[in-house]
There are 2 protein chains.
Amino acid sequence: MKNFDLVFKALADPTRREVLRMLSGGERTAGELSDAFELGRPSMSHHFAVLKEAGLVRSRREGTQVYYALDTTVLEDVLARLWDHLGLGEFRKENQP
Amino acid sequence: MKNFDLVFKALADPTRREVLRMLSGGERTAGELSDAFELGRPSMSHHFAVLKEAGLVRSRREGTQVYYALDTTVLEDVLARLWDHLGLGEFRKENQP
DNA sequence: CCCGAATTTCGACGATTTTCGAAATAAGCG
DNA sequence: CGCTTATTTCGAAAATCGTCGAAATTCGGG
């Protein structure tokens, strides 16, 4: 699978993993996310793009600002697949409400 | 945790992930692993070193050849932690919003 | 239609990574 | 000790990545 590559590339950077972690608490604007790091806006925007291309986040525009949100489906799929792929026992995610 | 970075860096390369996959079937010699790729031995040796530094594989020498084996403990830990860290569905415990 | 705010795109630069060939190490064997 | 096999270490080129400042885009409001 092609996304496989993009996802692991995306996860390779600590800043991007931290962004994902922040997004796990709910959606945030690009500005909010950027303010949490000591990086310029262009750099952060680049990270957002990488995460988005990997399918790990989605974005939505509201007025002048852009909201980013975690998209867990790809991550769940990739991690579960890796887990299984490597033959590491059962991978259970109890998705039952 | 420091290993976190090393593990994700290690997983970022497709060749290294494929090596891990091969090792999921049991230990292999450096030569056997190298023969499965169109890369020079030095390149493969470098990949082995990266995997080893990340704690994903261990090695053992037998005569002139070196056997590599998957070490699942770190991977299990890191993936489970990531899963949990990102607040995805619960990995091993019950749900409570 | 112009202005200000939020965000992204562009172009470039330094740092890291991947790869290779050549040389070095390690181990068994006669 | 020399010889062969298996693997790693050592530079060094080439590709990729992360970062930045400047400029461009998008949007809402006067």
Side-chain angles (χ1 to χ4, degrees), chain A residues 1-23 26-71 78, chain B residues 2-23 25-71 78:
Chain A
M1 175 173 286
K2 195 59 176 170
N3 271 23
F4 229 79
D5 268 40
L6 294 176
V7 170
F8 280 107
K9 280 283 171 58
L11 291 175
D13 187 277
T15 298
R16 289 193 289 261
R17 290 199 303 275
E18 180 64 13
V19 168
L20 291 179
R21 197 194 59 76
M22 289 182 67
L23 289 179
E27 63 179 9
R28 301 271 190 282
T29 68
E32 286 171 344
L33 292 169
S34 297
D35 289 341
F37 300 85
E38 297 185 343
L39 287 180
R41 303 300 164 114
S43 301
M44 294 304 295
S45 196
H46 164 69
H47 286 309
F48 301 153
V50 172
L51 288 170
K52 196 170 176 183
E53 191 173 9
L56 296 175
V57 304
R58 23 179 225 286
S59 68
R60 146 181 97 79
R61 175 156 221 135
E62 186 166 317
T64 81
Q65 38 196 14
V66 173
Y67 284 83
Y68 282 97
L70 193 60
D71 187 341
V78 168
Chain B
K2 190 73 162 53
N3 271 23
F4 227 79
D5 268 41
L6 294 175
V7 170
F8 281 108
K9 281 282 172 62
L11 291 175
D13 187 279
T15 298
R16 290 194 287 263
R17 289 199 305 274
E18 180 63 13
V19 167
L20 291 179
R21 198 194 57 77
M22 289 183 67
L23 290 179
E27 63 178 10
R28 301 271 190 282
T29 69
E32 287 172 343
L33 292 169
S34 296
D35 289 343
F37 299 85
E38 297 184 342
L39 287 180
R41 304 299 165 112
S43 300
M44 293 303 295
S45 195
H46 164 69
H47 287 308
F48 301 152
V50 172
L51 288 170
K52 196 169 176 183
E53 191 174 8
L56 296 174
V57 304
R58 23 178 223 285
S59 67
R60 135 183 106 78
R61 187 175 262 282
E62 187 168 314
T64 80
Q65 40 197 11
V66 173
Y67 284 83
Y68 282 96
L70 193 61
D71 187 341
V78 169

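The sequence lines fix the lettering, A, B, ..., with proteins before strands; numbering per chain opens at 1.
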Taking all heavy atoms of A:Asp5 and all of B:Pro14, pick out the closest pair and write down the distance. OD2-CG, 3.5 Å

Short side-chain N/O contact to D:dT8 OP1/OP2 from B:Tyr68, under 4.0 Å: yes

Determine the minimum heavy-atom distance between B:Ser59 and B:Val66, stating which atoms define it. CB-CG1, 3.9 Å

If you count heavy atoms of other groups shown closer than 6.0 angstrom to CD of A:Glu32, is the number above 12? yes

Can any side-chain N or O of B:Arg61 pair as donor or acceptor with the backbone N or O of B:Gly63 at less than 3.5 Å? yes

Donor-acceptor under 3.5 Å (B:Arg28 side chain, B:Tyr67 main chain): no

When the distance from CZ of A:Arg60 to P of C:dT8 is rounded to whole Å, what number comes out? 14 Å

Restricting to nitrogen or oxygen on both sides, can you table the protein-nucleotides 3-6 of chain C pairs closer than 3.5 Å?
| from | atom 1 | to | atom 2 | distance (Å) |
| --- | --- | --- | --- | --- |
| C:dA6 | O4' | A:Thr64 | OG1 | 3.1 |

Could you state the atom-to-atom distance from CD of A:Glu38 to P of D:dT19 in whole Å? 12 Å

If each of A:Gly40 and A:Gly63 is mapped to the nucleotide of DNA chain D with the nearest heavy atom, which maps nearer the 5' terminus, i.e. the 5' end? A:Gly40

If only side-chain N and O atoms of A:Ser43 are considered, is one of them under 4.0 Å from the OP1 or OP2 phosphate oxygen of D:dT19? no

Any non-hydrogen side-chain atom of B:Arg60 less than 4.5 Å from a side-chain atom of B:Glu62? yes

Looking at B:Arg17 and B:Leu11, would you say the former's side chain and the latter's main chain have a donor-acceptor pair under 3.5 Å? yes

Measure the distance from CG on A:Asp5 to P on C:dT18 and round it to the nearest whole Å. 12 Å

D:dG21 C1' sits how many Å from A:Met44 CE, rounded? 17 Å

Show me the protein contacts with nucleotides 11-18 of chain D, counting only N or O atoms at under 3.5 Å.
| from | atom 1 | to | atom 2 | distance (Å) |
| --- | --- | --- | --- | --- |
| D:dG18 | OP1 | A:Asp13 | OD2 | 3.3 |
| D:dG18 | OP1 | A:Arg16 | NH2 | 3.1 |
| D:dG18 | OP2 | A:Arg16 | NH1 | 3.4 |

Send over the distance from B:Leu51 CG to D:dT8 P, rounded to a whole Å. 12 Å

Go through B:Val57 and B:His47 one step at a time and tell me if the side-chain contact (heavy atoms from CB on, under 4.5 Å) criterion holds. CA-CA 11 Å; B:Val57 304; B:His47 287 308; over 6 Å; no

Roughly how many Å is it from CZ in B:Phe37 to P in C:dC20, rounded to a whole number? 13 Å

Take atom CD of B:Glu53 and atom C1' of C:dT16, then tell me their distance rounded to the nearest Å. 14 Å

Here the distance between atom P of C:dT7 and atom CD of A:Glu62, to the nearest Å, is 11 Å

Point-to-point distance, once rounded to the nearest 0.5 Å, from NZ of B:Lys9 to CG of B:Leu51: 14.0 Å

